[in-house]
Amino acid sequence: MKKKHTAQAGFRNLRILTALFSVVVLAFLALFVAPNPSTRGDTIRAAGVTRQAFMKVTPQGVIQSTDIGNSKGTSPAAKGAQRRMLVPLGNTVWQYDDATAIADGVAIDANNVWGAWTLSGARLTMQAITGDGTPAWSFSSFGSGNSGVAAAKGADRSGFMESNDVGNDFLQHGFRSTSNGTPDWSFPYPVSDPNLPASSRKVATSRDGSTIAAVVSDSVTQNSTLYVFDANTGTVRLMWTDPLRMDGVALTDDGSIALVTQDNKATLVDTSTGNILFSVAGSGAGNIFYPISGDGSVFAVGGFNFDVYAFNGTTYTQVIHFTRANFWFGGASTVSHDGSTVGTFGGNYTDGWLSGEVYLFDVASGNMLGSYPVSGTGIYQGTPIGAGSNDNGTVMAFASWGTEFHDWPEVMVFNRSVQLIGQIDFPGSAFSVDVRADGQYVVGGAKAVHANQFGDGGRIELIQLQASPTPTPTPTATATVTPTATATPTATAALTPRPTPTPRSRPTPPQRP
């Protein structure tokens with residue numbers, strides 16, 4: 001009898017312990033799935049439109065393949081609990097989460113962060129740097145689709161481009177931070193191409209806030225057009241049409257020169273006359289964007305090679321030529337405002353974009369300042385996707401989709417010695433990055449899950465870098481760069497649709513009256 005009583009008591013104790021263990025496990029799990037009170041995403045959509053993207057390599061370059069589907073949404077906060085946490089560099093100022101839209105583009109000026117959101121809930125948001133991440137206001141004409149934003153670094157002005165979800169309606173708007181969600185002006189583009197929707201690479205705002213430029217394509221004629229607007233009134237100053245597809249645009253400080261990315265060709269256009277100042281062929285097309293310095297004296301051309309051109313008083317000459325087998329340099333390159341420093345994040349496409357390297361160069365000497373290799377594992381592509389710089393090149397940031405196991409930060413920030421001084425660790429893939437002119441703040445935009453996964457939701461995160469002295473450049477021998485300061489590029493590339501005039505005697509045209 002005693003043995004029986006002891007066995008029953010032991011069994012009851014076991015059941016009690018099992019029940020208590022279940023309660024503890026449930027409570028533990030609840031801590032992980034509870035929403036983060038610091039985020040602003042209020043609800044999670046049960047089902048809706050989602051997006052999945054891959055990078056495909058062709059002999060001509062890299063193409064982003066995007067699939068649209070329906071899937072149950074996943075909150076950014078929940079996904080954050082599933083990833084390996086990294087030690088942060090820099091202080092997170094704020095995060096802003098959206099349950100359905102993807103933060104496809106970000107831009108930062110002296111006081112505000114501008115966000116371009118895509119998919120369901122596509123819109124423009126404006127957030128104060130010194131705030132808590134809550135948008136001061138937002139704007140959208142369509143409520144879904146694609147969008148792009150570019151903000152002036154030295155003025156209160158931004159350009160916002162949007163296209164609807166079917167891609168047959170394109171609009172351009174001008175905003176200030178005080179616009180309170182109502183455009184200062186709007187312009188309906190007469191052409192559209194559903195295969196080439198609005199994006200932040202297709203719109204630019206000059207540093208002084210005087211000029212907004214954008215490129216759009218016509219699906220009927222297959223032509224592309226560069227539009228140049230008076231940023232204050234929306235008046236069209238220039239329409240420059242060309243049969244070679246335009247993928248991106250950048251502007252000099254006063255908007256007098258536009259650097260147009262045309263497939264594998266870089267074209268400098270005088271925005272007053274439409275005259276071609278200079279053009280040169282690159283080494284690939286597709287996922288590509290060419291940056292330029294503030295005065296127009298230095299620009300970079302990415303692709304299968306990374307090439308930098310500088311104005312020598314008469315024409316532009318190639319001062320840096322760098323290449324690595326199986327690397328793509330088109331997605332994440334930047335030029336500092338003063339033209340002293342250039343950087344690129346090259347990705348290795350033969351191993352599924354699971355490795356790559358960041359390179360920084362000194363333009364005056366053509367020497368490499370150093371490099372920073374990354375590598376990882378998994379089935380997701382870690383494709384480099386964006387870059388930005390402060391004014392003097394002492395802070396350069398690079399964004400990528402990241403790997404399945406987050407083997408490197410989705411946003412990495414370096415000083416001129418190529419030391420990692422800041423990072424943003426997103427739950428999913430970074431899609432965009434920007435750096436304030438003084439280098440104190442870096443902002444990134446992301447998708448809640450990896451780009452290769454079907455999913456929706458996104459985040460904008462702002463970090464403040466720790467104060468540090470200007471670093472001394474430290475050259476390394478990790479790779480070899482071949483300066484070619486005497487090389488003179490051909491002014492008429494193989495894909496040039498018409499002859500290119502001789503460049504002007506200086507890179508900046510006279511200012512408009």
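All values below were derived from every heavy atom in this structure, side-chain atoms included, with hydrogens, water molecules and symmetry-related copies excluded.
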| query | Under the 3.5 angstrom rule, does the side chain of D104 hit a backbone N or O of W117 as a donor-acceptor pair? | reply | no
### Message
In terms of relative ring orientation, are F187 and Y227 parallel, tilted or perpendicular, with 30° and 60° separating the classes?
### Response
tilted
T344 and S333: side chain donor to acceptor below 3.5 Å = yes
* Please check if the side chain of S283 supplies one atom and the backbone of N305 the other of a donor-acceptor pair under 3.5 Å. => yes
Taking the six-membered ring for Trp, are W328 and F304 closer than 6.0 Å centroid to centroid? yes
With V215 as partner, the option from K202, M161, R201 fulfilling side-chain contact (heavy atoms from CB on, under 4.5 Å) is K202
is_close_aromatic(Y372, F414), centroid dist under 6.0 Å: yes
Determine the interplanar angle of the F329 and F327 rings, folded into 0 to 90°, and report it as parallel if under 30°, tilted if 30 to 60°, perpendicular if over 60°.
tilted
Minimum side-chain heavy-atom gap F306-V342 below 4.5 Å: yes
* To do: Please check if the distance between the ring centroids of F278 and Y316 is under 6.0 Å.
  => yes
Residues passing the side-chain hydrogen bond (donor to acceptor under 3.5 Å, both in side chains) test with S138, sequence neighbours excluded, are none
N348 (side chain) donor-acceptor with W353 (main chain) under 3.5 angstrom
no
**Message:** Please check: side-chain N/O of R157 versus main-chain N/O of F175, any donor-acceptor pairing under 3.5 Å?
**Reply:** yes
